[in-house]
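Since the structure is predicted, the reported quantities are computational estimates derived from the model, not experimental observations.
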Amino acid sequence: MGRGDLSNAEWARLKPHLPRNVGRGGRWKSHRRVINGILFRQRTGIPWRDLPPRFGKWKTVYDRHRRWSADGTWDKLLRAVQADADAEGRIDWTMVGIDSTSCRAHQHAAGAHKRPPRVPGRRRQPAQHRDDEALGRSRGGLTCKVHLASDGGRRPLAFVITPGQWGDAPQLIPVLERIRVPRPAGGHPRTRPDHVSGDKAYSSRRNRRYLRRRHIRHTIPERKDQRANRQRRGSAGGRPIGFDQAMYKRRNEVERTIHALKGFRAVASRYDKRAYIFHGTVTVAAMRLWLRP
């Protein structure tokens with residue numbers, strides 16, 4: 001087993017959820033070796049063609065990552081691993097932090113074909129495809145942004161990828177809507193955390209109204225301009241926003257989650273041209289964090 005490969009315990013957690021070979025001869029071979037090759041590329045950020053020979057043909061590793069990113073296999077595996085963690089009581093729902101991070105796009109990430117991609121072997125587009133390929137220009141140049149929600153155990157629950165110049169506040173609702181942790185015993189998946197925290201960038205009437213409607217307690221500081229506007233309106237401005245300083249101190253958890261996620265060089269710098277493939281790259285990194293003890 002090489003450095004960064006799946007340990008026996010991690011492989012035992014992941015193996016029951018992998019696609020099975022169906023039919024004569026089978027379709028998928030060497031799941032563990034191919035996934036280790038994908039993780040090696042995630043950790044180092046090297047081009048696919050430079051993968052060491054111990055992982056097999058680089059085209060096999062790349063094609064499987066592309067296929068599973070397109071048909072949603074990586075998303076299903078992430079939810080399955082989260083469901084196992086929730087059944088074992090390893091998800092801390094008491095505080096879910098929301099934050100975003102910018103990922104500088106490498107020059108190889110530019111220049112994708114204008115025609116929309118297709119799921120291999122099917123006639124539909126990948127579920128995570130974006131016409132803008134989640135690339136935009138900001139002060140840092142060509143960038144994209146990852147908006148994520150993490151539990152108190154510093155692991156990603158859900159995320160959304162947007163162009164780098166997009167704001168944070170409009171993405172709070174889409175990120176929370178993607179939290180869906182299945183229950184192995186049956187029933188509806190869990191989608192509602194006990195408490196949500198965010199910085200001033202997420203302070204808006206729309207976000208607070210959404211959280212109140214879902215009965216989710218939240219700790220989001222009010223911006224100075226919003227506070228001044230409320231005070232200027234007098235009684236029509238409403239009551240002051242409640243703010244728990246002790247709970248807000250736990251915001252470091254989501255920041256440490258981002259730090260762990262960007263420990264993968266293929267996440268810290270985007271090398272993938274297509275948005276759906278980069279979404280799969282971030283999903284694999286998040287899944288690896290859940291597999292770790």
Any side-chain donor near an acceptor of the partner, Asn36 and Arg33, under 3.5 Å: no
Electrostatic pair Asp99-Arg251, nearest N-O below 4.0 angstrom: yes
Determine whether Leu18 and Trp68 make a side-chain contact, defined as any pair of heavy atoms from C-beta on separated by less than 4.5 Å. yes
Presence of salt bridge, Arg288 and Glu10, under 4.0 angstrom: yes
Do the side chains of Lys273 and Glu133 get close enough for a salt bridge, i.e. N-O under 4.0 angstrom? no
Greater than 12 external heavy atoms within 6.0 Å of Arg205's CZ: no
Give a yes or no on this: more than 12 heavy atoms of other residues, nucleotides or ligands lie within 6.0 Å of atom CZ of Arg292. yes
Flag yes if Val284 and Tyr62 sit in one hydrophobic cluster, no otherwise; membership is Ile, Leu, Val, Met, Phe, Trp, Tyr, and two members link when side-chain heavy atoms are under 4.5 Å apart. yes
For residues Pro221 and Gly198, report the shortest heavy-atom separation together with the two atoms involved. CD-O, 3.2 Å
Test item: Arg154 and His259 side chains (from C-beta on) under 4.5 Å apart, heavy atoms: no
Is the count of non-hydrogen atoms from other residues, nucleotides or ligands lying under 6.0 Å from Arg130 atom CZ greater than 12? yes
Student check: side-chain heavy atoms of Arg192 and Ile216 closer than 4.5 Å: yes
Working note: Ser203 + Arg208, criterion side chain to side chain donor-acceptor pair (under 3.5 Å); need CA distance, chi angles, decisive distance, verdict. CA-CA 7 Å; Ser203 178; Arg208 297 184 191 276; 3.0 Å; yes
CZ (Arg214) with more than 12 external heavy atoms under 6.0 Å: yes
Should Glu88 and Arg13 count as an ion pair when the cut-off is N to O under 4.0 Å? yes
Without placing hydrogens or testing angles, list every side-chain donor-acceptor pair under 3.5 Å for residues 162-175, not counting sequence neighbours.
{"unit_1": "Thr162", "atom_1": "OG1", "unit_2": "His147", "atom_2": "NE2", "d": "2.8"}
{"unit_1": "Asp168", "atom_1": "OD1", "unit_2": "Ser100", "atom_2": "OG", "d": "3.0"}
{"unit_1": "Asp168", "atom_1": "OD1", "unit_2": "Lys145", "atom_2": "NZ", "d": "3.4"}
{"unit_1": "Asp168", "atom_1": "OD2", "unit_2": "Ser100", "atom_2": "OG", "d": "3.1"}

Pairs of donor and acceptor atoms involving the side chains of residues 47-59, under 3.5 Å and at least two apart or interchain, shall be tabulated with distances.
{"unit_1": "Arg54", "atom_1": "NH1", "unit_2": "Asp5", "atom_2": "OD2", "d": "3.0"}
{"unit_1": "Lys59", "atom_1": "NZ", "unit_2": "Asp63", "atom_2": "OD1", "d": "3.2"}
{"unit_1": "Lys59", "atom_1": "NZ", "unit_2": "Asp63", "atom_2": "OD2", "d": "3.1"}

CD of Gln245: more than 12 outside heavy atoms within 6.0 angstrom? no
Could you pull out the closest heavy-atom pair between Gln82 and Leu157, with the gap in Å? NE2-O, 3.2 Å
Between Asp225 and Arg223, does at least one N-O distance fall below 4.0 Å, as a salt bridge requires? yes
Among Leu148, Thr281, Val282, Leu135, side-chain contact (heavy atoms from CB on, under 4.5 Å) partner for Ile161: Val282
Taking the side chain as everything from C-beta on, heavy atoms only, tell me whether Tyr276 gets closer than 4.5 Å to Gln125. no
